[in-house]
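Data first, discussion second: the structure below is written as C-alpha cells.
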Amino acid sequence: MADSKREIERKYEATDVTRLPDLSRVAGVSAVDHPGVSELDAVYYDTEDLRLAAGSLTLRRRTGGDDAGWHLKFPVATGIRDEIRAPLSDTLPPELAALIRSRVRDAEIVPVVRLRSARDVHHLTGPDGGLLAEVSVDRVRAERLHGGSGTASWTEIEAELADGGDPAFLDAVERRLREAGVRPSASPSKLSRALAETRTGGKKHKGPAGSPVPRTAGDHVLAYVRLQITAIVDLDPAVRRGLPDSVHRMRVATRRLRSALRTYRKILDRTVTGPVTEELKWLAAELGVDRDQEVLGERLRTRLDGLPRTLVLGPVRGRLRTWSVVRSTSSRHRAVAVLDGSRYLTLLAALDALLAGPPLLPAAATPPGKALPRALRKDHRRLAHRITHALELPPGPERDLALHQARKAVKRARYAAEAARPALGNPAGKSAKRLKAVQGVLGDHQDSVVAREALRALAVRAQLSGEPSFTWGLLYGQEERTAAAREQELPGVWARASRALGRAAPER
C-alpha cells in the first residue's frame, strides 16, 4: 500500500565545501546529531522519450537508508514535492503505475539513470529534542542506463524540513550555509542533473519545451488549448489520490477545452475537433455526476442548518443524511473508474494528435485582433438571444429550462473571453469577469431548480412514512424565493456583462 509525504527541501552546491559549517548556530537549534553515513542505491525510471522528466516527475526504486522502496514525486511548488511511497518490490507497484498513466499511456517504463550516493546525515533538533530538519552532504555517482552512456559525479548539500515543520526554518539554515560560502544548486533535483551530465551518446534531455510566443490567432487559440490539455493530464493523478477539489478542477479544464474548440471553429477545423468535443462532453459529464450530488447535498444541509430548531419537525436530518448516502457514491472511485477506462486513454491520444497536427484553417493565420473578436461577437449574440428568450417566458419549468440553456452559453462565452485575454488584453479579461458574475446568478438559479425537485421528492417520502412534511415545504419555499431573486438580478448583471463584451469585441 502506498503512502504520501510532503517533502520540503533545498539543494546546494558543495563543490568547495569539505564539511558542513557549525549548524548549532542556526536560530532555534539546540543540538546537531550525526547518525552517520548511509549508502543509497537508486534506479530512476521513465519512458524512452523521458515523459516523466518533462513534467518534472521522478520515479525511482531505491535500496539502502531507512526509506527503501519505490518513490514517485510530484512537483507542488519550488522546493516542495509530494512523494508517494510503495514497498520495495521487483516490479513497479500498480498503485504507482496508475498515477503516471496519463503521461506514459502505453509506453514502456525503462531504467534511465542509476544514482549511488554516500549520504552523510546531520539532524538539527530543537530545545524539546524534536527534529527540525535533516541536513546531509551527498556524494553522488550517476550512471546513464538508457539514452546515453555517460557517467558523472558531484557533491551536494540537501536540507529537508522535518514533517510538520515551519518552512521559515529553512531560511535560517540557508543563511548559515551562505555565510560559509555555500550556494543554491542550479539543478532542481539529482535526476535532472544526472540527465544533463550523462547524455553523451544519446538524445539530449531539454526538459519541458516552452511554448512559442503567440503571434497569430491560431497561436493564441492553440496556447489556450495546450494549457487545458496540460491541466487535464496534470490533474489525473490528483483525482486518483483524492486531493481536494481535483475532480472539479479537472472537469472545469475539460469544459474550457471543449468550449474553446467550439467557439474557435473558424480557426480549428470542426470536422476534426468535433469528435473530440463530444468525448470531452462525455468526460465532463462522468466527472460531474457525484460532484453535482455533493453540491446539492451541501446546499440542502446549509439550508436546514439555517432554520430555527422550532421549525425542524420530524426526523428531517436523519432522512436527509440517508438520502445523501443512498444517492451518493465516492466521487473518487467513480472518477478513477473513468480514468482507468480505454475510452479516456483514447481521448488523451486524440488530444495529443490535436497538438501534434493542429487542424488550422486559413483564419488561424490572421492577426488575433481580427479573428478572436469575431468569435467573441458570435458567442455574445448567441448568449444575448438565449437570455432575452428566457426572460420573455413566464415563470415556470419552461423558463427554468431556458435559463439553464443560457447558463451553458454564458460558460462558453466566458471561457472564450479567457482564451482571448492574452491577445485582447484587459477588455477581454473584464468581459470574462462580468460573464462569471452572470454564470454565478444562473448557476444559483439552476441549483435552486434542482434543489426544489429533490425537496419535493423528500417531502413525498416523508409524508408516505407518516412524518411531517412541513420543513421540506419550508425549504422548498426558500428555494422558490432564491430563484425569483436570481431572475430579478439577472437583467442587471447581464447588462454589465454585455457592455464589457461589446468593449472587448466591438462591432466593426
Side-chain angles (χ1 to χ4, degrees), residues 211-212 214-232 251-285 346-387 389 404-425 427-429 431-432 435-436 438-439 497-498 500-502 504-508:
S211 300
R215 298 180 183 278
T216 65
D219 292 336
H220 279 275
V221 172
L222 284 176
Y224 186 79
V225 166
R226 185 176 293 105
L227 183 66
Q228 304 314 316
I229 293 175
T230 299
I232 292 171
R251 186 187 187 191
V252 169
T254 302
R255 285 176 163 173
R256 282 180 167 142
L257 177 55
R258 178 171 176 258
S259 293
L261 295 178
R262 295 178 68 195
T263 292
Y264 296 110
R265 57 188 182 180
K266 297 294 185 181
I267 294 174
L268 294 172
D269 189 349
R270 62 177 173 175
T271 63
V272 177
T273 63
V276 176
T277 61
E278 286 303 308
E279 290 303 281
L280 290 169
K281 180 181 180 181
W282 160 78
L283 178 58
T346 300
L347 171 58
L348 292 183
L351 296 177
D352 283 347
L354 186 65
L355 291 178
L360 297 173
L361 295 173
T366 62
K370 179 180 179 181
L372 302 189
R374 185 182 297 124
L376 294 186
R377 288 194 296 270
K378 190 169 184 178
D379 276 356
H380 184 184
R381 289 192 292 269
R382 179 188 298 106
L383 176 56
H385 171 74
R386 291 192 181 184
I387 289 181
H389 170 66
H404 182 45
Q405 294 302 319
R407 178 182 177 226
K408 294 179 181 179
V410 78
K411 285 183 180 180
R412 177 170 167 178
R414 173 194 164 192
Y415 296 150
E418 288 179 348
R421 182 178 182 179
L424 305 183
S431 175
L435 286 168
K436 184 178 180 180
V438 178
Q439 181 182 332
S498 184
L501 263 172
E507 295 287 350
R508 297 185 184 278

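Position 1 is the first residue of the sequence; numbering continues from there.
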Please report the interatomic distance [atom1]([X]) to [atom2]([Y]), rounded to the nearest 0.5 Å.
| X | Y | atom1 | atom2 | answer |
| --- | --- | --- | --- | --- |
| Leu283 | Leu347 | CG | CG | 6.0 Å |
| His220 | Arg215 | NE2 | CZ | 10.0 Å |
| Gln228 | Arg258 | CD | CZ | 14.5 Å |
| Lys411 | Asp379 | NZ | CG | 14.5 Å |
| Leu360 | Thr216 | CG | OG1 | 7.5 Å |
| Thr254 | Leu280 | OG1 | CG | 6.0 Å |

Taking [X] for the side chain and [Y] for the main chain, is one N or O donor matched with an acceptor at less than 3.5 Å?
| X | Y | result |
| --- | --- | --- |
| Thr230 | Arg226 | yes |
| Tyr264 | Ala416 | yes |
| Thr277 | Gly274 | yes |
| Ser259 | Arg256 | no |
| Asp352 | Ala349 | no |
| Arg270 | Arg262 | no |

Subject >> Neighbour count above 12 (heavy atom, 6.0 Å) for Arg382 CZ >> reply: yes

Original post:
Do Thr273 and Arg265 have a side chain donor and acceptor closer than 3.5 Å?
Top reply: no

Original post:
Strictly by modelled atom types, are Gln439 and Arg414 linked by a side-chain donor-acceptor pair under 3.5 Å?
Top reply: yes

Minimum heavy-atom separation for [X] and [Y], please, with both atom names.
| X | Y | answer |
| --- | --- | --- |
| Pro373 | Ala505 | O-CB, 3.5 Å |
| Arg255 | Ala284 | CG-CB, 4.1 Å |
| Ala428 | Arg421 | CB-CA, 3.7 Å |
| Ala217 | Ala371 | CB-CB, 3.7 Å |
| Pro368 | Leu424 | O-CD2, 4.2 Å |

Subject >> Stepwise side chain to side chain contact (heavy atoms under 4.5 Å, CB included) check, Tyr224 with Glu418 >> reply: CA-CA 9 Å; Tyr224 186 79; Glu418 288 179 348; 3.5 Å; yes

Between [Y] and [X], is there a side-chain heavy-atom distance shorter than 4.5 Å?
| X | Y | result |
| --- | --- | --- |
| Val276 | Leu257 | no |
| Arg374 | Lys378 | no |
| Val221 | Thr263 | no |
| Leu354 | Leu268 | no |

**OP:** Show the numbers, then the answer: is there a side chain to side chain contact (heavy atoms under 4.5 Å, CB included) between Leu222 and Ile267?
**Re:** CA-CA 10 Å; Leu222 284 176; Ile267 294 174; over 6 Å; no

